[in-house]
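Structure first, commentary second.
We count ligands from 1, going down the list as the structure has it; atoms in each ligand are counted the same way.
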Amino acid sequence: MLDLAPPLFVRAPAKINLTLDVLGKRADGYHELASVMQTIDLTDTVALWPAPEGEVTLDCDLPDLGGPDNLALRAALAIRAATGTTRGVHIELHKVIPMQGGLGGGSSDAATTLCALNAWWHLGLSDAQLLALAAELGSDVPFFIVGGTAHIAGRGELVTKLPDITPLWLVVAKPPVGVSTPAVFRALAPADYSPGTATAALEAHIRAGRLPNLNDATLHNALEDGVLRNYPAVATTRAALMVAGAPCVRMSGSGPTLYAPFTTLHAAAQVHQAAQAAGVQVWLTHTTAPRL
Ligand code: C5P
């Protein structure tokens, strides 16, 4: 029987880490994190199409991503297993968010698929149940169930919603290099660890409804120094953004993607144009509101 639900197209946003503190290494091999994460208006699209009972398939416009490891496909199988439904779906995934860039694209595709299928199939899972399913799929997936501005703890899966920050324009830049997340965590030096100072300070500003000065102290990423040391292409892209006029450039997550925040479109657009003219792969985008 073909499912009668009409097709549903949903946008899956990328994220940036406004702060990322690494508190220490855990016994399970993961690192204990404290971070303020923020969704941005750079989006993949997840399309859900009716399919015969029992059939779950995925077609991605990047063929390399169309295999059984795809997190959106795994999310669909996970929500079916958790609820016992046997309904079918054909998922189309249009990728825009750069892959393995520290922007959480795959995680967002998975969270968006969970939320969209929960609604599309009328499964009635609570937010807490969706968050638990999300945590099994990856450290960053639960954040994307919530979206907007949030405080992140644990290995990344403990999400506390924060008030929305004052919207920011962003120039996002992808250096022409791939980094390995496990290698970036392994390269951490003792000096890179902190008790979470930058995250706590930014969280206090956000809870008070203030936007702090956006500079290298308020927007901290403990993983950045190691990546800049080990991947010269990231340092080159960072320098190009600064030459283009960005006052503050920060790495997102384990990189290599960089972002520069702005309070006016005028300033962001100038840097975007200058960086593009210098041959950097850049997007002009902005922060977005939460899903929940
Ligand atoms: O959970 P996820 O699959 O995204 O993590 C990828 C890898 O990144 C982990 O296997 C681990 O090496 C590293 N990692 C970490 N601490 C975290 C998150 C990720 O060491 N909090």
Side-chain angles (χ1 to χ4, degrees), residues 12-40 44 64-65 67-78 93 95 97-114 130-147 150-160 177-200 202-203 220-231 234 250-257:
K15 60 86 177 163
I16 54 170
N17 298 75
L18 292 173
T19 60
L20 177 54
D21 288 303
V22 181
L23 279 57
K25 188 156 185 207
R26 313 183 342 170
D28 64 4
Y30 279 88
H31 290 78
E32 190 72 12
L33 307 179
S35 174
V36 175
M37 278 200 204
Q38 172 66 53
T39 45
I40 66 173
D44 291 340
D64 286 356
L65 283 187
D69 290 341
N70 186 285
L71 264 190
L73 183 66
R74 287 178 46 206
L77 296 172
L93 177 59
K95 289 298 294 180
I97 304 168
M99 283 178 308
Q100 295 181 337
L103 298 176
S107 299
S108 183
D109 299 340
T112 300
T113 302
L114 287 178
L130 288 170
L131 286 167
L133 265 183
E136 287 173 24
L137 291 165
S139 305
D140 278 353
V141 183
F143 164 70
F144 288 103
I145 301 285
V146 179
H151 177 272
I152 303 302
R155 64 179 166 89
E157 86 286 13
L158 304 175
V159 185
T160 308
V177 64
V179 306
S180 144
T181 299
V184 169
F185 275 101
R186 269 199 308 275
L188 280 169
D192 296 323
Y193 293 122
S194 80
T197 322
T199 298
L202 183 63
E203 182 182 353
H220 171 72
N221 183 340
L223 301 175
E224 186 174 313
D225 281 348
V227 172
L228 291 174
R229 268 196 312 273
N230 294 324
Y231 302 87
V234 183
R250 194 84 293 161
M251 190 175 80
S252 181
S254 57
T257 306

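For a threshold of 3.5 Å applied to N or O pairs, the pair formed by Thr181 and ligand 1 contains no separation below that value.
Partner Leu93 forms a side chain to side chain contact (heavy atoms under 4.5 Å, CB included) with one of Asp109, Leu73, Thr113 and no other, that one being Asp109.
Atom CD of Gln100 has 12 or fewer heavy atoms from other residues, nucleotides or ligands within 6.0 Å.
The shortest contact between atom 13 (C) of ligand 1 and any protein heavy atom is with Phe185 CD1, 3.5 Å. The closest protein non-hydrogen atom to atom 1 (O) of ligand 1 is Ser139 OG, 2.5 Å.
Contact between Asn221 and Ser252 at its shortest, heavy atoms only, is ND2-C, 4.0 Å.
Side chain of Asp21 to backbone of Thr199: a donor-acceptor contact under 3.5 angstrom is found.
Remark: among candidates Arg186, Arg26, His31, Glu32, the nearest residue to atom 21 (N) of ligand 1 is His31, based on non-hydrogen atoms.
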Worksheet item: Step by step, would you call Thr39 with Phe144 a side chain to side chain contact (heavy atoms under 4.5 Å, CB included)?
Response: CA-CA 8 Å; Thr39 45; Phe144 288 103; 4.3 Å; yes
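Within ligand 1, the atoms closer than 4.0 Å to a non-hydrogen atom of Arg155 are 17 (C), 18 (C), 21 (N), numbered from 1 in the order shown.
Residue contacts with ligand 1, taken as heavy atom pairs separated by less than 4.0 Å, involve Tyr30 via backbone and side-chain atoms alike.
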